[in-house]
Novice: 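Here it is, the structure, as structure tokens.
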2 protein chains.
Amino acid sequence: METKQISKAVIKRLPRYYRYLGELMEDNVERISSNELSKKMHTTASQIRQDLNNFGGFGQQGYGYNVHYLYTEIGKILGLDTVHPMIILGAGNLGQALANYVDFEKRGFKLVGIFDVNPVLEGIAVRGLEIQMLSELPFFLRENNVEIAILTLPKNKAKEMADILVENGIKAIWNFAHLDLETPDDVIVENVHLSESLMTLSYNLSKYRQEHVE
Amino acid sequence: METKQISKAVIKRLPRYYRYLGELMEDNVERISSNELSKKMHTTASQIRQDLNNFGGFGQQGYGYNVHYLYTEIGKILGLDTVHPMIILGAGNLGQALANYVDFEKRGFKLVGIFDVNPVLEGIAVRGLEIQMLSELPFFLRENNVEIAILTLPKNKAKEMADILVENGIKAIWNFAHLDLETPDDVIVENVHLSESLMTLSYNLSKYRQEHVE
DNA sequence: TAGATTGTTAATCGATTAACAATC
DNA sequence: TAGATTGTTAATCGATTAACAATC
């Protein structure tokens with residue numbers, strides 16, 4: 001349907017615009033020009049205008065952008081105007097940390113289930129939800145409407161569970177496991193590879209050290 | 001000193017090469033060609049050769065790359081051959097999750113301290129380290145050699161603490177707080193904005209839905 | 001030696017920045 | 001109307017892919 005393909009780079013920047021606009025709203029700023037915003041965000045006004053115009057003309061010549069309007073529109077583009085039921089697979093520290101992120105629910109990401117393999121955890125409540133056994137997952141998926149699955153399981157288990165998720169019609173996986181999931185094209189996977197992020201940091205640190213040896 | 005500037009895109013790919021090479025080693029694969037590796041990783045052989053040649057000629061014509069050698073060399077480039085003492089600021093679920101990542105220590109990222117504001121947590125042991133009060137941080141930094149600080153504090157507190165870290169000579173911050181830190185140029189900041197990652201997922205989900213309405 | 005595959009240069013593609021006419 | 005600032009086209013820059021000579 002949509003033919004105009006929007007680049008990944010643009011999409012990755014949208015949530016950051018959204019965050020800055022939210023802060024401007026908190027500061028009761030009513031309007032902002034691409035130039036002012038570019039200074040705040042350490043980017044170029046040109047990029048901001050180009051990015052936004054992928055989705056429509058949200059501004060007004062001679063005026064700039066209405067902060068509240070732009071915030072709402074970017075929210076819609078990001079799909080934050082609808083509820084996304086989600087489940088967490090893996091109730092370890094990371095899974096529990098994500099379960100307790102208050103901001104998520106505020107943005108429409110509603111946690112409806114949390115699962116683990118460890119029988120010791122069964123029935124323990126996290127954010128008002130009792131931890132269920134992973135073996136109950138297929139049944140749960142058939143009985144409930146779930147959009148997003150968060151994978152905070154170890155590598156092997158994650159791979160296995162990804163297959164089960166796909167079989168049961170899950171269309172989006174937020175993957176924290178250290179592997180690249182092999183899923184059909186119509187399943188959206190967003191990876192968070194924490195160790196890779198830390199290695200990037202380490203690279204920059206090492207490079208800096210090398211360049212500044214006395 | 002070093003003048004050849006290596007692009008951020010290349011650096012972001014290095015940890016992924018490192019991961020795949022590690023898996024190949026586990027499978028006892030001795031050598032691999034850029035072409036074979038490109039198929040495994042869903043990228044192009046050309047990109048792999050270009051990326052690696054930023055750092056030197058690690059391969060051999062007619063043979064390919066020795067897996068173990070390349071793994072070790074990329075490890076060195078990423079600074080994984082030295083120990084990086086690090087501290088965690090924020091002993092909530094996320095901080096504790098990161099503290100318990102076994103893989104980090106294996107790669108030289110050695111946790112030497114964990115701090116929080118909450119007095120209730122004081123003295124509780126996480127991975128063999130007693131949680132300390134954030135007020136003790138400046139003293140700790142003067143007495144101990146710390147390279148990396150992991151920020152898993154809420155926004156406001158994170159901003160305040162970043163200043164203290166910089167004042168006390170910390171050169172690298174792994175930032176999980178939902179804000180862009182304002183730090184001097186010689187301080188390396190690597191951001192993990194989880195909510196932005198989830199919004200990207202949400203965008204793709206919404207777009208997919210729009211394109212497939214019955 | 002012949003075959004394979006790298007390292008590297010050249011061509012293409014895409015993303016960012018600059019410029020400016022349109023318009024509020 | 002004059003000034004400001006967008007939306008958009010054109011120019012530049014950088015990154016990816018293709019091609020091939022070098023060489024193991």
Side-chain angles (χ1 to χ4, degrees), chain A residues 2-17 20-21 24 29-74 77 200 203-204 207, chain B residues 2-17 20-21 24 29-74 77 200 203-204 207:
Chain A
E2 274 280 302
T3 36
K4 183 172 59 176
Q5 190 53 39
I6 288 146
S7 89
K8 237 178 154 181
V10 173
I11 296 155
K12 287 263 171 215
R13 282 193 291 268
L14 286 181
R16 189 155 176 266
Y17 292 135
Y20 274 84
L21 289 164
L24 287 167
V29 178
E30 212 175 81
R31 56 170 284 264
I32 194 158
S33 70
S34 57
N35 191 39
E36 286 172 275
L37 186 57
S38 73
K39 275 173 197 151
K40 261 193 180 304
M41 296 184 65
H42 302 284
T43 178
T44 63
S46 213
Q47 182 165 79
I48 293 174
R49 296 206 297 277
Q50 284 277 26
D51 282 356
L52 297 179
N53 273 81
N54 279 301
F55 305 97
F58 300 124
Q60 200 166 80
Q61 281 97 331
Y63 173 85
Y65 299 88
N66 177 287
V67 173
H68 186 272
Y69 174 69
L70 188 54
Y71 177 83
T72 314
E73 289 304 308
I74 295 181
I77 294 164
T200 304
Y203 169 85
N204 286 312
K207 194 186 61 171
Chain B
E2 274 281 303
T3 35
K4 183 171 59 177
Q5 191 52 38
I6 287 148
S7 89
K8 237 179 155 179
V10 173
I11 295 155
K12 287 264 172 214
R13 283 194 291 268
L14 286 182
R16 190 155 175 267
Y17 292 136
Y20 274 84
L21 289 164
L24 286 168
V29 178
E30 212 175 81
R31 55 172 284 264
I32 195 159
S33 70
S34 56
N35 191 40
E36 286 173 275
L37 187 57
S38 73
K39 275 172 198 151
K40 259 192 181 306
M41 296 184 65
H42 302 284
T43 178
T44 64
S46 214
Q47 182 165 79
I48 293 174
R49 295 205 299 275
Q50 285 277 26
D51 283 356
L52 297 179
N53 273 83
N54 280 300
F55 303 97
F58 299 125
Q60 199 169 80
Q61 282 98 331
Y63 172 85
Y65 299 88
N66 177 286
V67 172
H68 185 272
Y69 174 71
L70 188 56
Y71 177 83
T72 314
E73 289 304 308
I74 294 180
I77 294 164
T200 304
Y203 168 85
N204 286 312
K207 195 186 61 171

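Just so we're on the same page: letters track the sequence lines, and every chain starts at 1. For clarity, every value in this text was computed on a predicted model and none was experimentally measured.
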Novice: Spell out, as yes or no, whether a donor-acceptor pair under 3.5 Å connects the side chain of A:Arg49 to the backbone of A:Gly59.
Specialist: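 No.
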Novice: Whole angstroms only, please: what is the CG-C1' distance between A:Asn53 and C:dC20?
Specialist: 15 Å
Novice: Between B:Ile6 and A:Tyr203, does a side chain to side chain contact (heavy atoms under 4.5 Å, CB included) hold up when you go through it step by step?
Specialist: CA-CA 11 Å; B:Ile6 287 148; A:Tyr203 169 85; 3.9 Å; yes
Novice: Without swapping roles, check the side chain of B:Asn54 against the backbone of B:Asp51 for a donor-acceptor pair under 3.5 Å.
Specialist: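 Such a contact is found between B:Asn54 side chain and B:Asp51 backbone.
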Novice: Given atom CZ of B:Phe55 and atom P of C:dG7, what is their separation to the nearest angstrom?
Specialist: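 Atom CZ in B:Phe55 sits about 14 Å away from atom P in C:dG7.
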Novice: Hey, does A:Tyr71 have a side-chain heavy atom less than 4.5 Å from the side chain of A:Asn66?
Specialist: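 No; the side chains remain at least 4.5 Å from each other.
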Novice: Between A:Leu70 and A:Tyr17, is there a side-chain heavy-atom distance shorter than 4.5 Å?
Specialist: no
Novice: Spell out protein contact along nucleotides 10-17 of chain D as letters: B when the base is contacted, S when just the sugar-phosphate is, - when no protein heavy atom is under 4.0 Å; keep the 5' to 3' order.
Specialist: B----SSB
Novice: Would B:Arg31 and B:Tyr65 count as a cation-pi pair here, with the cationic atom under 6.0 angstrom from the ring centre and within 45° of the axis?
Specialist: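 Relative to the ring axis of B:Tyr65, which defines the angle, B:Arg31 lies outside at least one limit.
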Novice: B:Asn66 CG to D:dC24 P: how many Å, rounded?
Specialist: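 That distance rounds to 16 Å.
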Novice: Output the rounded distance in Å from CD (B:Glu73) to P (C:dG7).
Specialist: 12 Å
Novice: Between A:Glu36 and A:Ser33, does any side-chain donor sit less than 3.5 Å from a side-chain acceptor?
Specialist: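 Per modelled atom types, A:Glu36 and A:Ser33 side chains form a pair under 3.5 Å.
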Novice: Taking C-beta and beyond as the side chain, do B:Tyr69 and B:Thr72 meet within less than 4.5 Å on heavy atoms?
Specialist: no
Novice: Please give the angle, rounded to 10 degrees, between the axes at the start and the end of the helix from C:dG3-D:dC24 to C:dC24-D:dG3, where five pairs define each axis.
Specialist: 10°
Novice: Decide side chain to side chain contact (heavy atoms under 4.5 Å, CB included) for A:Ile74 and A:Leu52; before the verdict, give the C-alpha distance in whole Å, the side-chain angles of both, and the deciding distance to 0.1 Å.
Specialist: CA-CA 9 Å; A:Ile74 295 181; A:Leu52 297 179; 4.1 Å; yes
Novice: If we only count heavy atoms from C-beta on, is the B:Leu24 to B:Lys40 side-chain gap below 4.5 Å?
Specialist: yes
Novice: Between N or O atoms, less than 3.5 Å apart, protein on one side and nucleotides 3-5 of chain C on the other: list the pairs.
Specialist:
unit_1, atom_1, unit_2, atom_2, d
C:dT5, OP1, B:Arg31, NH2, 3.4
C:dT5, O4', B:Gly62, N, 3.0
C:dT5, O2, B:Gly62, N, 3.4

